[in-house]
Undergrad: 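This is the structure I want to talk about, given as structure tokens.
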Amino acid sequence: KTRSLLSVFEEDAGTLTEYTNQLLQAMQRVYGAQNEMCLATQQLSKQLLAYEKQHFALGKGDEEVISTLHYFSKVVDELNILHSELAKQLADTMVLPIIQFREKDLTEVSTLKDLFGLASNEHDVSMAKYSRLPKRKENEKLKAEVAKEVANARRKQHLSSLQYYCALNALQYRKRVAMMEPMLGYTRGQINFFKKGAEMFSKRMDSFLSSVSDMVQSIQGELDAEAEKMRLSQQDLIAVNESVYTPDSDVTSPSINRNLIQKAGYLNLRNKTGLVTTTWERLYFFTQGGNLMCQPRGAVAGGLIQDLDNCSVMAVDCEDRRYCFQITTPTGKAGITLQAESKKEYEEWICAINNISRQIYLTDNPEAAAIKLNQTALQAVTPITSLGKKHEVQHLSQTVKNMENDKIIPSEPAGIQDSTQLIAPGTPIQFDIVLPAMEFLDQNRGGRRANPFGESEDSSKDEEDSLLQQMFVVRFLGSMAVQSDETCEVIYEAMRQVLAARAIHNIFRMTESHLMVTSKNLRLIDPQTQVTRASFELTTVTQFAAHQENRRLIGFVIHLSETLGEESMSAYVFESNTEGEKICYAISLGKEIIEAQKDPEALAQLMKSVPFTNDGKFMLLNDVSEEDGTMHEGGEESEA
């Protein structure tokens, strides 16, 4: 019965030990969480103070946030003190009692159980020894020793069992205390924590928390209003026509702004990766003053790509791509090649660069200057309804394109009364120097085309006999018939009308040639094939002049005698890579040589005043031989 009852008590003690270990783990976890709360609140306070040191790109409203976070940091520090006190209380009143119960009471029961087991084993061994004693009387001494050993084992077992039974009985009372005492300490610690927190913050925190709550609600209201505004904007944007997202959707009739003095957008930049290989890179370009800037994706600022002052821009055919244009430096050197994504972007970029190259952005009112410039170009091909109203244009004249000869014929006279006396109303403008052979011979008496393998022997002999040979790189802008060659004003008027017609009708392509000035004639030579495109006797050049503002524009008038006693005069306009005054000086020197050849003394005097080259030719003071390095090698077509 005792053994049976002992087993029940031992089972109860084992269950209590297992439960106590689990309870201790749970309490240690609570204590550990409280310690972590102390460390976390300390770190939180530091992070709240660190907000002020952050370099936010957008710092709107940061002053209020910084001051509020500073106050919250102080509050968190005070709460951290309370959390530290609570952690100490939990350690002393919750964790420590359960540890003491486990280490003292449960360990004592376990130790007494082991001692009771040893005593029982010793008693069993001594009883087994006593049971094996023989019946003979001569073993009385041995019997007395074994009996004494049994008595000692029984006494020891009895003592250990009494101690063990008492410990098991006491454990039934101690376990009740051990279960309630830690929770009592935990509860008191929490209540104390909350009481101190309430006393510390309840009064002085009410107004602060109320103001912070009002500020948060105000910000939330602004956010809701902004979100609703953005939602409506998104609906409006999504509801637009699908053509808005389609590139080049209005290719037939794009609305082009030709008065731009600045432009920005994505373009494809052509890069050479080898002798014949190229790559195209899509980059963001924008103009800044007189500079073209480029900003790669991810860069914080743009870099200079091209200085646009006095440069020229032209359309090009490049690798079978559409909407390509090229920017040429003032020295005539080919610059960068770009590609736009649509016709509208393509033409606006060309117009904007043209406007910037004329340094309109330096004027007091650049927008007005650009509008006036384009209006002036528009008036050049617009008829004047009354000679008395020179500055009023009431309606635009209808222009007619002659596709066969690449001509644009204004239907009415352009300009004021003086210009009508210089150039006949309705005069066609020729934009291409390459003409059919018969038409070329009709318009230029004495001119002829050379064979496709170079110059003829007569032409080469003429060059050898000529005292002057000067080469210039020029681009043909246009030619038209004129009515007078008495003054240079006819050249200026022809330049104005040709440039205006090109701007109005969006003609950017120009043919590049080499202008050979000799003491006998002017010849336009193909730079690739060296074939003569046109030739004019120097004696037929009656007027020649450079533009008064754009020094790279040069023009001359050819006066030819037709059959049946009729005469024809035509003005030719070119753009050169150098100053037009140099070409004018060469033409003037050629005409002086022609006159001087009639008088040997005058020719000798002229030969003394002008230096000669090694081969006996006249050498200009500003030789343009260094321009050979700037001549285009890319082909016949150039851009403007």
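Residue indices begin at 1 and follow the sequence shown.
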Undergrad: Checking S73 side chain against S45 main chain: does a donor-acceptor pair fall under 3.5 Å?
TA: yes
Undergrad: Can you list the residues that meet the salt bridge (charged side-chain N to carboxylate O under 4.0 Å, His left out) rule with R231, with sequence neighbours excluded?
TA: E228
Undergrad: Mind checking side chain to side chain contact (heavy atoms under 4.5 Å, CB included) for R552 and listing every partner two or more places apart, or none if nothing turns up?
TA: S312, R475, N550, E575, S576
Undergrad: Parallel, tilted or perpendicular: which fits the ring planes of H547 and Y492, with parallel below 30° and perpendicular above 60°?
TA: perpendicular
Undergrad: Under the ring-ring contact (aromatic ring centres under 6.0 Å, His included) rule, collect the residues that match up with Y51, sequence neighbours excluded.
TA: F56
Undergrad: Drop me the distance from L553's CG to M495's CE, to the nearest 0.5 angstrom.
TA: 5.5 Å
Undergrad: Run the side chain to side chain contact (heavy atoms under 4.5 Å, CB included) test against T187 and tell me which residues pass, sequence neighbours left out.
TA: I191
Undergrad: Not counting sequence neighbours, which residues clear salt bridge (charged side-chain N to carboxylate O under 4.0 Å, His left out) with K74? List them please.
TA: none
Undergrad: Show me the side-chain donor-acceptor pairs of residues 88-102 shorter than 3.5 Å, one per line, residues at least two apart or across chains.
TA:
unit_1, atom_1, unit_2, atom_2, d
K88, NZ, D92, OD2, 3.3
T93, OG1, Q89, O, 2.6
T93, OG1, G185, O, 3.3
R102, NH1, N21, OD1, 3.3

Undergrad: Within the distance-only criterion (no hydrogens, no angle test), does the side chain of Q339 pair as donor or acceptor with the backbone N or O of R322 below 3.5 angstrom?
TA: yes
Undergrad: What residues, two or more places apart in sequence or in another chain, satisfy ring-ring contact (aromatic ring centres under 6.0 Å, His included) together with F208?
TA: Y71, F72
Undergrad: Apply side chain to side chain donor-acceptor pair (under 3.5 Å) to the pair Y323 and N268, showing each step before the final yes or no.
TA: CA-CA 10 Å; Y323 310 134; N268 292 329; over 6 Å; no
Undergrad: When you look at OH of Y186, are more than 12 heavy atoms from neighbouring residues, nucleotides or ligands closer to it than 6.0 Å?
TA: no
Undergrad: Does any N or O in the side chain of E222 come within less than 3.5 Å of the main-chain N or O of E226, such that one atom is a donor and the other an acceptor?
TA: no
Undergrad: Not counting sequence neighbours, which residues clear side chain to side chain donor-acceptor pair (under 3.5 Å) with T41? List them please.
TA: N80
Undergrad: Holding to ring-ring contact (aromatic ring centres under 6.0 Å, His included), I want the full list of residues that pass it with F193, two or more places apart in sequence or in another chain.
TA: H83
Undergrad: Could you check whether atom CZ of R321 has more than 12 heavy atoms from other residues, nucleotides or ligands sitting under 6.0 Å from it?
TA: yes
Undergrad: Counting only heavy atoms not in Q190, do more than 12 fall under 6.0 Å of its CD?
TA: yes
Undergrad: Does N291 reach the main-chain N or O of M293 with its side chain, forming a donor-acceptor pair under 3.5 Å?
TA: no
Undergrad: State, with a plain yes or no, whether a side-chain heavy atom of M27 is found less than 4.5 Å away from one of Y31.
TA: no
Undergrad: Let's go through E199 and K196 carefully: what are the C-alpha distance in whole Å and the side-chain angles of both, what is the deciding distance for salt bridge (charged side-chain N to carboxylate O under 4.0 Å, His left out) to 0.1 Å, and is it a yes or a no?
TA: CA-CA 5 Å; E199 293 174 358; K196 288 185 177 181; over 6 Å; no
Undergrad: Return yes when atom CD of Q235 has more than 12 non-hydrogen atoms of other residues, nucleotides or ligands closer than 6.0 Å, and no otherwise.
TA: yes
Undergrad: With distance as the sole test, does S218 use its side chain to make a donor-acceptor pair with the main-chain N or O of D214 at under 3.5 Å?
TA: no
Undergrad: Would you confirm whether E348, through its side chain, and I256, through its main-chain N or O, come within 3.5 Å as a donor-acceptor pair?
TA: no
Undergrad: Which pairs count as ring-ring contact (aromatic ring centres under 6.0 Å, His included) when at least one residue sits in residues 258-309, sequence neighbours excluded?
TA: Y266-Y284
Undergrad: Just jot down the ring-ring contact (aromatic ring centres under 6.0 Å, His included) partners of Y245, sequence neighbours excluded, or say none.
TA: none
Undergrad: Pairs in or reaching into residues 35-59: which pass salt bridge (charged side-chain N to carboxylate O under 4.0 Å, His left out), with residues at least two apart or in two chains?
TA: none
Undergrad: Quick check on side chain to side chain contact (heavy atoms under 4.5 Å, CB included): which of L308, I350, D307 does I327 satisfy it with?
TA: L308
Undergrad: Should the heavy atoms of other residues, nucleotides or ligands under 6.0 Å from CE of M37 be counted, would the total exceed 12?
TA: no
